[in-house]
Enquirer: 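Please find one structure pasted underneath; my questions will follow.
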2 protein chains.
Amino acid sequence: MTNESTRTVKSAATLFDVLDAVHRLEGGGATAVAEELDIAKSTAHDHLATLAEHEFLIKDEGSYRVGLKCLHYGVQAKSRMVLADVASPSLEQMAEETGEIAWVMVEEYGKGVYLEKAMGDRAVQPYGEIGKRVPLHNIAAGKAILAHLPEDRVREIVTETPLEERTETTVSDPDELLAELETVRDRGYALNDGETFEGFRAVASPVVNDGELLGSIVVSGPENRLSDDRFTEELPEIVTGAANAIELSMASR
Amino acid sequence: MTNESTRTVKSAATLFDVLDAVHRLEGGGATAVAEELDIAKSTAHDHLATLAEHEFLIKDEGSYRVGLKCLHYGVQAKSRMVLADVASPSLEQMAEETGEIAWVMVEEYGKGVYLEKAMGDRAVQPYGEIGKRVPLHNIAAGKAILAHLPEDRVREIVTETPLEERTETTVSDPDELLAELETVRDRGYALNDGETFEGFRAVASPVVNDGELLGSIVVSGPENRLSDDRFTEELPEIVTGAANAIELSMASR
DNA sequence: ACTTTCGTTCGTGGTCCTCGAACGATACCG
DNA sequence: CGGTATCGTTCGAGGACCACGAACGAAAGT
């Protein structure tokens, strides 16, 4: 990620910066983008025109916003969409059974990507969003994934993205993390007890098919509803059960 | 769309061609992409490396596949996601009520984009796919959209994208199409009777909020299950009803 | 061992990307 | 109504860098 030995198309960096700026600004014109990125107004204009010509942006009377062309490519990240489709009913069932929110997550470039969700009737959504990319080390779903990656890959990820401490309980020492991953591997599920947000807990389980890690599923909610036995026994059982169901469905495809 | 008077970043064309090639080939290496696009192998390699560096592609031992980064941008095409969210329950209900498949579609650059779907228990999926971009003139959901665009915009779309005839019954004359759109406007829904695929029918209704066209919803299925009264009365009632429900929910946001 | 095909590297010519300055349009205000 | 401050857009010019072809090492099949 950080090695820039290979030759790349430099103007693409600007191009994607412009796309990202429009995304961040939730729509804007040449001047706004130029200021945001500290480039010439005319350059911003050229890139905006380019992205619009290729239909990645929509032009609306001088202002631009992100189009849906990306969806076209993103959605067809195929093997993962299969996982989303297959996991969907299990997510719904977990959401209904627990009343909380349930997610599928996959790994990409050392980050976690939320793929699909299901909301129970009491569900709150404090953090995730479909397509959002987050660090792996301080969330349950992420630890479930890390636990099933090769150790050197985990070390690579950990050295590339610093272990940001979000709350007091966040694990910030690499070795401590690796030890925790060992436990996760043994018992089959990962926990998050207020490591991302104070007062929020989550239980996650990896989804493996044919020895290959596909992603993980997770249920999360506020501490007062996920207390004691529910957090340490009931939910782990539900989540690992759902993961098994998904693994079975994936195997028969 | 076809006027290239403005200056654009030329290398971006190659860049997106490469992205599209990987997407079409469902993964591949430098040589495959170079052949597909008829460019130098080294050029393909540079662009692949560039796209991978920006995480739009995933590199997997010399071979590349489309990543999920696009999802990140695509999903946040916000106003439309709101529509998808709001329409979702109505789609589910239509799917359950009819047993067929239901979609939400929006317009972008003169094409229709499938946003979200719900499958009934007998549903077949012959054509659509989330994020897929299709012509508007020969499908029910598309005609429902065209009927609520300004006439000159419709003429523009029609002249830009030729009216491809898919089956015998496809409307291929612009004036004939405009006349049909008039009827659609009057009665509030659009029909597709085997114009896209022989033996497939669909009923669609536009979704309008505050005078502005948001998109359309549609239910489609095989002719033998959508015959006579069901096609001309029962389904139109269900679909227009659902569209009204969505419009109400959108209005109160 | 020979052949083929892969991904990748690298030097070079000439394309074209970036910038700054300027222009027309629009909106706001005294 | 004229002055001012925005906006998006156009255009010429210099120099960065994109695209190509040739070559290399590795891997796999014959």
Side-chain angles (χ1 to χ4, degrees), chain A residues 1-67 109 153 156, chain B residues 1-67 109 153 156:
Chain A
M1 210 72 40
T2 34
N3 63 337
E4 308 303 321
S5 65
T6 51
R7 194 184 305 201
T8 59
V9 181
K10 302 277 170 60
S11 57
T14 320
L15 195 77
F16 290 132
D17 281 348
V18 169
L19 176 60
D20 198 62
V22 173
H23 179 244
R24 242 178 306 130
L25 300 170
E26 301 199 11
T31 311
V33 170
E35 256 175 32
E36 174 84 10
L37 298 176
D38 198 31
I39 56 177
K41 201 166 50 163
S42 51
T43 306
H45 175 264
D46 289 351
H47 281 276
L48 286 169
T50 306
L51 285 162
E53 195 196 18
H54 292 278
E55 307 186 2
F56 282 78
L57 293 179
I58 311 284
K59 185 175 177 176
D60 211 2
E61 301 190 25
S63 175
Y64 297 81
R65 57 194 175 78
V66 177
Y109 282 107
R153 178 91 180 93
E156 201 179 299
Chain B
M1 212 70 42
T2 35
N3 63 336
E4 308 305 320
S5 65
T6 52
R7 195 184 307 202
T8 58
V9 181
K10 303 278 170 58
S11 57
T14 319
L15 196 75
F16 290 132
D17 281 348
V18 169
L19 176 60
D20 199 60
V22 173
H23 178 246
R24 242 178 306 129
L25 299 170
E26 302 200 9
T31 311
V33 171
E35 256 174 34
E36 175 83 10
L37 299 176
D38 199 31
I39 56 177
K41 200 166 50 163
S42 51
T43 306
H45 176 263
D46 289 350
H47 282 275
L48 287 169
T50 306
L51 285 163
E53 194 196 17
H54 291 276
E55 308 187 2
F56 283 77
L57 293 180
I58 311 284
K59 185 175 177 178
D60 213 2
E61 302 190 22
S63 175
Y64 297 82
R65 58 196 173 75
V66 177
Y109 282 106
R153 178 91 179 94
E156 200 179 299

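In the text below, chain A, chain B and the rest are named by the order of the sequence lines, each starting its count at 1.
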Enquirer: Using rotation axes that map the C1' atoms of four end pairs onto the next four (five pairs an end), what angle separates the end axes of the helix from C/dA1-D/dT30 to C/dG30-D/dC1, to 10°?
Expert: 40°
Enquirer: Just the table, please: protein N/O against nucleotides 13-17 of chain D N/O, every pair under 3.5 Å.
Expert:
{"from": "D/dA13", "atom 1": "N6", "to": "B/R7", "atom 2": "NH1", "distance (Å)": "3.4"}

Enquirer: Starting at NE2 of B/H23, measure out to CZ of B/F56 and round the result to the nearest 0.5 Å.
Expert: 14.0 Å
Enquirer: Where along residues 43-51 of chain A does a heavy atom come under 4.0 Å from DNA chain D, residue by residue in number order?
Expert: A/H45
Enquirer: Give, for atom OH of A/Y64 and atom CG of A/L48, the distance between the pair rounded to the nearest 0.5 Å.
Expert: 5.0 Å
Enquirer: Taking the inter-plane angle between the rings of A/H54 and B/F16 on a 0 to 90° scale, is it parallel (under 30°), tilted (30 to 60°) or perpendicular (over 60°)?
Expert: tilted
Enquirer: Contact list please: residues 27-41 of chain A against DNA chain C, heavy atoms, distance less than 4.0 Å, in numerical order.
Expert: A/I39, A/A40
Enquirer: Would a 4.5 Å heavy-atom cut-off, applied to side chains only, mark A/T14 and A/L37 as touching?
Expert: no
Enquirer: What closest approach, in Å, do B/A30 and B/A44 show between heavy atoms, and which atom pair accounts for it?
Expert: O-CB, 3.7 Å
Enquirer: Quick check: closest heavy atoms across B/G28 and B/S63, and the distance to 0.1 Å?
Expert: N-OG, 3.6 Å
Enquirer: Which residue pairs satisfy the salt bridge (Lys or Arg N to Asp or Glu O under 4.0 Å) criterion with at least one member in residues 28-46 of chain A, sequence neighbours excluded?
Expert: A/R24-A/E36
Enquirer: To the nearest 0.5 Å, how far apart are OG in A/S42 and CZ in B/R7?
Expert: 8.0 Å
Enquirer: Any idea which heavy atoms bring B/V33 and B/A21 closest together, and the distance?
Expert: CG1-CB, 4.2 Å
Enquirer: From A/D17 CG over to A/H47 NE2, what is the distance, rounded to the nearest 0.5 angstrom?
Expert: 9.0 Å
Enquirer: Hey, can you pull the residues of residues 12-21 of chain A with a non-hydrogen atom under 4.0 angstrom from DNA chain D?
Expert: none
Enquirer: Calculate, to the nearest 0.5 Å, the distance between atoms CG and OG1 belonging to B/L15 and A/T8 respectively.
Expert: 10.5 Å
Enquirer: Looking only at heavy atoms, what is the nearest atom pair of A/I58 and A/G67, with distance?
Expert: CG1-CA, 3.7 Å
Enquirer: Looking at OG1 of B/T31 and NE2 of B/H45, how far apart are the two atoms once the value is rounded to the nearest 0.5 Å?
Expert: 10.0 Å
Enquirer: Measure across B/T6 and A/A49 and return the closest heavy-atom pair with its distance rounded to 0.1 Å.
Expert: OG1-CB, 4.4 Å
Enquirer: Check this one for me: any side-chain N or O of B/Y64 less than 4.0 Å away from OP1 or OP2 of C/dT8?
Expert: yes
